[in-house]
**Student:** 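Could you have a look at this structure, given as structure tokens, before my questions?
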Number of protein chains: 2
Amino acid sequence: MSPSSRARKTARGASKGKSRNLTRDKVIAAGLALIDEAGADAITMRGLAEAVGVTPMALYNHFSSKRALLSAVAENVISAADFDGQHANWRDQVHHCFSVLRSLCLQHPGLPRLLEFEGAAPASVFAPMEVTLRALREAGLGDIDSARTYFLLVSFTLTQAAYQARRVPDLEPSAQIRAERIAGRGYEAIEHLAWPETWDFDASFEFGITLILNGVESIAAGDEGRHAPS
Amino acid sequence: MSPSSRARKTARGASKGKSRNLTRDKVIAAGLALIDEAGADAITMRGLAEAVGVTPMALYNHFSSKRALLSAVAENVISAADFDGQHANWRDQVHHCFSVLRSLCLQHPGLPRLLEFEGAAPASVFAPMEVTLRALREAGLGDIDSARTYFLLVSFTLTQAAYQARRVPDLEPSAQIRAERIAGRGYEAIEHLAWPETWDFDASFEFGITLILNGVESIAAGDEGRHAPS
DNA sequence: CACTGTATGTCTACGGTGTATATATGAGAC
DNA sequence: GTCTCATATATACACCGTAGACATACAGTG
């Protein structure tokens with residue numbers, strides 16, 4: 001309500017700065033900086049206000065709530081990215097799209113939290129969706145299946161990136177602890193697994209995308225899977 | 001520290017109730033009930049204490065922290081499930097495993113939050129991993145690739161289930177709003193998509209699992225994907 | 001039986017969160 | 001110069017997790 005009326009007033013005057021000192025884009029920039037150095041939950045209205053040099057309540061003149069603020073931050077990040085890459089074939093197209101999304105998440109840890117939860121998803125989340133739907137349709141998938149595959153890709157990419165980015169050592173299982181936890185439970189497969197001491201997230205991402213795209217091809221070719229109806 | 005010494009004492013005496021009135025499993029049960037009706041973030045030490053009929057600080061005699069409490073709740077849910085199903089082929093095995101995981105998440109909304117974040121993952125999360133690794137190895141995947149596929153499956157299942165379970169209407173895009181948001185942005189593919197007014201989550205889950213398992217077969221068959229190195 | 005140690009529960013309090021409400025301030029329009 | 005109204009502030013509320021000091025009542029020992 002307040003921001004809209006302000007916008008009306010500003011539109012009447014000039015489209016530049018406001019009457020008073022300074023804000024809005026500054027808040028978003030400060031919020032982004034906060035997310036970059038600490039997690040997404042490090043964004044606090046009080047801390048953010050201090051970073052900008054105002055009182056906490058001043059932020060509410062520009063954002064109706066914390067959620068709206070976070071949404072604006074996410075919007076700022078997402079809308080600046082180029083998810084399309086003008087790639088020749090649909091596989092490269094999808095791969096590029098989610099590589100970009102992933103690197104955004106790694107650059108700004110906590111961004112996945114902003115997108116998935118908090119209901120703070122901004123309008124620009126539809127950009128990667130558009131690119132993906134086009135590519136998948138080109139691959140031969142139907143509308144609904146394309147959307148389903150998009151959600152699968154998003155789930156995978158965001159979750160993995162979130163896990164990698166929010167990598168705080170004191171929560172790490174750390175081989176040692178992991179070994180203790182599974183000891184004596186008959187988890188042969190896990191014990192047998194030669195766990196690398198540093199997980200290769202990049203390779204895992206490539207693997208996942210490749211697997212999914214192979215699955216797309218198989219579905220598009222008409223293989224609807226075959227779990228016996230028991 | 002306190003709980004362990006209590007356990008030692010109890011083991012010496014009888015394995016039944018404690019000295020005072022009652023707790024521990026009661027807390028877990030109450031926590032589970034809270035999670036079931038409201039989300040995971042509805043679990044608050046004060047609210048939980050009231051539900052059990054004690055003071056908030058009384059909980060700390062049985063759990064060292066809120067995280068430990070949530071972990072115990074998750075453990076209670078996960079450990080009661082049978083992820084193995086003694087299925088004949090690896091596809092049905094994996095399908096069963098994640099169907100169970102998914103239904104747990106739908107029964108107890110907010111459980112995904114417990115598992116993914118908060119670092120509250122209990123020891124029993126390794127049970128589905130064990131089942132999956134065995135099945136995937138049988139499918140012909142290597143150790144690391146099996147682990148990677150497991151994480152892919154988990155990402156997909158938990159994220160989708162979380163989204164479905166935390167379905168609060170006032171956050172829903174709701175066709176109307178969705179249409180407004182994408183209007184005039186050139187999102188042809190999205191606009192063209194005939195979005196069902198009620199998303200079929202079950203079918204989407206089946207689709208995703210099938211797609212992934214098809215991808216597994218393709219990888220196991222030696223198709224490592226082919227994105228041209230541009 | 002009484003005694004005592006200790007585990008259990010309570011009370012109070014601290015620093016933190018998001019934000020509703022009322023007030024002061026200062027720039028721009030007339 | 002005066003008025004208006006968007007902006008920034010001050011204060012306050014309800015809530016959160018939990019640290020610390022204290023009260024209590026049972027368990028084990030004599």
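Here is the naming used below: chain letters follow the sequence lines, and residue numbers restart at 1 for every chain.
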**Student:** Checking side-chain polar atoms at under 3.5 Å, does B/Thr157 have a donor or acceptor matched by the opposite partner on B/Arg102?
**Tutor:**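 Looking only at side-chain atoms, B/Arg102 and B/Thr157 do not form any donor-acceptor pair under 3.5 Å.
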**Student:** B/Glu75: what forms a side chain to side chain contact (heavy atoms under 4.5 Å, CB included) with it, not counting sequence neighbours?
**Tutor:**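 Listed in chain order: B/Ser79, B/Pro122, B/Ala123, B/Ser124.
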**Student:** Verify, without hydrogens or angle tests, whether B/Arg24 (side chain) and B/His62 (backbone) share a donor-acceptor contact under 3.5 angstrom.
**Tutor:**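 Yes, the answer is positive, given that a donor and an acceptor are paired below the 3.5 Å cut-off.
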**Student:** Let me confirm one number: the CG-CD1 distance from B/Asp200 to A/Ile144, rounded to the nearest 0.5 Å.
**Tutor:**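 Answer for the CG-CD1 pair, B/Asp200 versus A/Ile144, is 9.5 Å.
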**Student:** Let's test your reading of the model: under 3.5 Å, does the base of C/dA7 pair with the side chain of B/Asn61 as donor and acceptor?
**Tutor:**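 In this structure, the two groups form no donor-acceptor pair.
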**Student:** In whole Å, I'd like the distance from the CG atom of A/Leu48 to the C1' atom of C/dT19.
**Tutor:**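 Spelled out: CG on A/Leu48 to C1' on C/dT19 is 15 Å.
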**Student:** Is B/Glu50 paired with B/Arg46 through a side-chain N to carboxylate O contact shorter than 4.0 Å?
**Tutor:**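 Salt bridge flag = no for B/Glu50 with B/Arg46.
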**Student:** Got a donor-acceptor contact below 3.5 angstrom from the B/Thr55 side chain to the B/Ala58 backbone?
**Tutor:**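 No; judged by distance alone, with no hydrogens or angles, the pair does not exist.
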**Student:** Under 3.5 Å, which protein N or O atoms sit close to an N or O of nucleotides 20-22 of chain D? Give each pair with its distance.
**Tutor:**
none

**Student:** Are there any protein N/O atoms within less than 3.5 Å of an N/O atom in nucleotides 14-18 of chain C, and if so, which ones and at what distance?
**Tutor:**
from	atom 1	to	atom 2	distance (Å)
C/dT17	OP1	A/Thr44	OG1	3.1
C/dT17	O5'	A/Thr44	OG1	3.3
C/dT17	O3'	A/Thr44	OG1	3.4
C/dG18	OP1	A/Met45	N	3.2
C/dG18	OP1	A/Lys66	NZ	2.7
C/dG18	OP2	A/Thr44	OG1	2.8
C/dG18	OP2	A/Met45	N	3.0
C/dG18	N7	A/Arg46	NH1	2.6
C/dG18	O6	A/Arg46	NH2	3.1

**Student:** Taking CZ from A/Phe63 and C1' from D/dT7, how many angstroms apart are they, rounded to a whole number?
**Tutor:**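 These atoms are roughly 14 Å apart.
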**Student:** Could you walk me through whether B/Ser155 and A/Gln160 satisfy the side-chain hydrogen bond (donor to acceptor under 3.5 Å, both in side chains) test, starting with their C-alpha distance in whole Å, then the side-chain angles of each, then the deciding distance to 0.1 Å, before giving a yes or no?
**Tutor:** CA-CA 7 Å; B/Ser155 300; A/Gln160 304 286 105; 3.1 Å; yes
**Student:** Within the pair B/His62 and C/dG9, is there a side-chain N or O less than 4.0 Å away from OP1 or OP2?
**Tutor:**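 The answer is yes; a side-chain N or O of B/His62 sits under 4.0 Å from OP1 or OP2.
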**Student:** Distance check needed: D/dA8 P versus A/Arg24 CZ, whole Å only.
**Tutor:**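 Rounded to the whole Å, the gap is 13 Å.
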**Student:** Between A/Phe205 and A/Phe156, what is the ring plane arrangement, given parallel below 30°, perpendicular above 60°, and tilted in between?
**Tutor:**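 It falls in the parallel class, under 30°.
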